[in-house]
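Source: prediction; values computed, not measured.
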Amino acid sequence: MSDQIYIGVDLGGTNIKVGICDEQGKLLQTFEGPTGAENGSDFVIERIAQYVRQIVEESPFEWEQVAGIGAGLAGFMDIPEGFVKFSPNLQWHNVPAKKMLEGFLGKTVKIDNDANVAALGEAWAGSGAGIPNVVCYTLGTGVGGGIIINGKIYQGSSGMAGELGHMSVVPDIEAIQCGCGQMGCLETVSSATGIVRMANEAVERGEKTSLALHEKIEAKHVFDAAKSGDEVSLRIVNRAAYYIGRSMAAMAVIINPKRFILGGGVSKAGEILFQPIRETFKKYTPETASEGVEIVAATLGNDAGIVGAAGLNLR
């Protein structure tokens, strides 16, 4: 049994997930409980502390063995100062999360963006294990990301590095406004939200597609229809994949990672998404930057966030 353990927290709008990891990133125990976000930030921070203490009490470990605690939080952050500047999902403004958690727990706590910690989890103990330089995409309702350089999260000067979903990749003639306020972001075409939007627009235009049979179109419907040969769905999937591949081509000549990792619900579509991404990447990336680069699926699934959060104290 390891002498030291590390606690990871993945804070969601509905649930808080907590996990215990060893020094190698192996997940030893998990716990999940409701967030209670409607009660405000003070309540949620205290609840996180309660869950952290509870998981240790229910484990074979002692509190003295906890060497560090990390938390992945959604929103815009001042990471060095430990502040959540703004979290749209939780409606937090300037919450000193690090200081508050350390006060409740009496342990060192590190915080970071949830997409960053998911990327760290994959880089530490998932699809990027043993590879020092990786770039991770999280394709879900939006498009998140994380950049790992020499085994560590690259945060940038203000903590905004790795916001891959907000790379402006769509030409102005085709661009729509993103939720961030900018035009043509990757998120507008390659997220589940973007895919559903393009599908609804095709149906509204009267295009011949099996998608019209669904009362409420979901991204999964688009991928399933594409796999069945529906031309409209194939076009939508290929468009989403094309802009992911183009964004990777840009990252390849800037970061030069060894591996790109795709996680999130949209990535579960499989080869119908991955193949055109790889083709686009190869087409638009110089051979010196693309040779030997792999584009693979994430493996940790919903555990990536808690593993990565635990790893904030080690990586």
Quick one: does Q177's side chain have a donor or acceptor within less than 3.5 Å of a partner on G181's backbone?
yes
L186, V143, T188 screened by side-chain contact (heavy atoms from CB on, under 4.5 Å) with C178, the one that passes:
T188
Considering only heavy atoms from C-beta outward, does the side chain of N256 approach that of N133 to under 4.5 Å?
no
Say you draw a straight line from CG of N302 to CG of N15; how long is it, rounded to the nearest 0.5 Å?
11.0 Å
Would you check if the side chain of N150 reaches a backbone N or O of P132 as a donor-acceptor pair within less than 3.5 Å?
no
Within the supplied structure, the quantity of interest is the number of heavy atoms (other residues, nucleotides, ligands) at a distance under 6.0 Å from Q54 CD; does it exceed 12?
yes
More than 12 non-hydrogen atoms from neighbouring residues, nucleotides or ligands closer than 6.0 Å to NZ on K268, yes or no?
no
Charged N to carboxylate O below 4.0 Å: is that the case for R205 and E207?
yes
Indicate yes or no: at least one non-hydrogen side-chain atom of M248 is less than 4.5 angstrom from one of L262.
yes
Determine, step by step, whether E187 and L164 satisfy the side-chain contact (heavy atoms from CB on, under 4.5 Å) criterion, reporting the C-alpha distance in whole Å, the side-chain angles of both residues, the deciding distance to 0.1 Å, and the verdict.
CA-CA 8 Å; E187 188 167 292; L164 305 179; over 6 Å; no
side-chain contact (heavy atoms from CB on, under 4.5 Å) between T30 and V18, intermediate numbers included
CA-CA 6 Å; T30 61; V18 184; over 6 Å; no
With the 4.5 Å side-chain cut-off for hydrophobic clustering, are V56 and I48 part of the same group?
yes
May I ask you to test the F104-V52 pair for a side-chain heavy-atom distance under 4.5 Å?
no
What do the steps show when you test I176 against R197 for side-chain contact (heavy atoms from CB on, under 4.5 Å), and what is the final call?
CA-CA 11 Å; I176 67 165; R197 174 186 60 80; 3.2 Å; yes
Work out which heavy atom in G264 is nearest to a heavy atom in T138; give both atom names and the distance.
CA-CG2, 4.2 Å
Atom NZ of K227 with >12 non-hydrogen neighbours under 6.0 angstrom
yes
Is it true that atom OH of Y154 has more than 12 heavy atoms of other residues, nucleotides or ligands lying nearer than 6.0 Å?
no
According to a hydrophobic-cluster definition based on side-chain heavy atoms being under 4.5 Å apart (Ile, Leu, Val, Met, Phe, Trp, Tyr only), do I45 and V9 belong together?
yes
Report the distance from atom CG of D224 to atom NE2 of H214, rounding to the nearest 0.5 Å.
7.5 Å
Quick one, F61 and V66 - any side-chain contact, counting heavy atoms below 4.5 Å?
no
Main chain of A37, side chain of T35: is a donor-acceptor contact present, judged purely on distance under 3.5 Å?
no
Looking only at side chains, do Y137 and S190 share a donor and an acceptor under 3.5 Å apart?
no
Under the 3.5 angstrom rule, does the side chain of Q65 hit a backbone N or O of E62 as a donor-acceptor pair?
yes
Let me have the donor-acceptor pairs involving side chains of residues 283-292, under 3.5 Å, with sequence neighbours excluded, atom names and distances please.
{"from": "Y284", "atom 1": "OH", "to": "Y242", "atom 2": "OH", "distance (Å)": "3.4"}
{"from": "T285", "atom 1": "OG1", "to": "F281", "atom 2": "O", "distance (Å)": "2.6"}
{"from": "S290", "atom 1": "OG", "to": "P286", "atom 2": "O", "distance (Å)": "3.3"}

Rounded to the nearest 0.5 Å, how far apart are OG1 of T280 and CZ of R246?
8.5 Å
Checking Q50 against E46: is there a side-chain donor and acceptor pair closer than 3.5 Å?
no
Which atom of W124 lies closest to which atom of V307, heavy atoms considered
CZ3-O, 3.3 Å
Short N-O contact, R53 and E57, less than 4.0 angstrom
no
Measuring from I69:CD1 to L105:CG, what's the distance to the nearest 0.5 Å?
4.5 Å
Rounded to the nearest 0.5 Å, what's the gap from CG on L101 to NZ on K110? Could you check?
14.5 Å
Assess the residue pair E122 and R259 against the criterion (salt bridge (charged side-chain N to carboxylate O under 4.0 Å, His left out)); give the C-alpha distance rounded to whole Å, side-chain angles, the decisive distance to 0.1 Å, and a yes or no.
CA-CA 11 Å; E122 287 291 339; R259 185 171 290 177; over 6 Å; no
My understanding is that a hydrophobic cluster links ILVMFWY residues whose side chain heavy atoms are under 4.5 Å apart, including indirect links. Using that, what else belongs to the cluster containing I173?
none
Under 3.5 Å, is there a donor-acceptor pair between the side chain of N113 and the main chain of G75?
yes
Do Q155 and N116 meet the criterion of a side-chain donor-acceptor pair at a distance under 3.5 Å?
no
Using a 6.0 Å cut-off, check whether atom CD of E231 has over 12 heavy atoms from anything other than its own residue.
no
Hey, what do you get for CG (L11) to CG (D114), rounding to the nearest 0.5 Å?
8.5 Å
Closest approach of S127 and A297, non-hydrogen atoms and distance?
OG-O, 2.7 Å
hydrophobic_cluster_shared for I148 and M251, side chain cutoff 4.5 Å
no
Looking at T141, is its backbone amide N or carbonyl O close enough to the side chain of T193 to form a donor-acceptor pair, meaning the two atoms are under 3.5 Å apart?
yes
For F274 and I295, the nearest pair of non-hydrogen atoms, with its separation, is CD2-O, 4.1 Å
Has R47 got a side-chain atom pairing as donor or acceptor with P34's backbone, closer than 3.5 angstrom?
yes
So, do V222 and M198 sit near enough that their side-chain heavy atoms are less than 4.5 Å apart?
no
Checking the side chain of D230 only, and the main-chain atoms of S210 only, is there a donor and an acceptor separated by less than 3.5 Å?
yes
Check whether any side-chain heavy atom of V44 lies under 4.5 Å from a side-chain heavy atom of L90, and answer yes or no.
no
According to a 4.5 Å side-chain heavy-atom criterion applied to Ile, Leu, Val, Met, Phe, Trp and Tyr, with indirect links allowed, do L28 and W63 form part of one hydrophobic cluster?
yes
With the side chain counted from C-beta on, respond yes when I153 and L312 share a heavy-atom pair under 4.5 Å apart, and no when they do not.
yes
Of L234, I272, I236, the one forming a side-chain contact (heavy atoms from CB on, under 4.5 Å) with F223 is I272
Show the numbers, then the answer: is there a side-chain contact (heavy atoms from CB on, under 4.5 Å) between E102 and T108?
CA-CA 6 Å; E102 289 181 338; T108 299; 4.2 Å; yes
Any salt bridge linking E271 with R278? Criterion: basic side-chain nitrogen under 4.0 Å from a carboxylate oxygen.
yes
Side chains of V117 and D10: does their closest heavy-atom pair fall under 4.5 Å?
no
Closest contact, heavy atoms only, A298 versus G263
CB-CA, 3.7 Å
Answer yes or no: is there a donor N or O on one side and an acceptor on the other, between the side chain of E32 and the main chain of K17, under 3.5 Å?
no
Report whether V134 and V253 are members of the same hydrophobic cluster (ILVMFWY, side-chain heavy atoms less than 4.5 Å apart, transitive linking).
no
Sub-3.5 Å donor-acceptor pair from the side chain of Y6 to the main-chain atoms of G25, do we have one?
no
If you look at every heavy atom in V189 and I195, which pair is closest and at what distance?
O-CG1, 3.9 Å
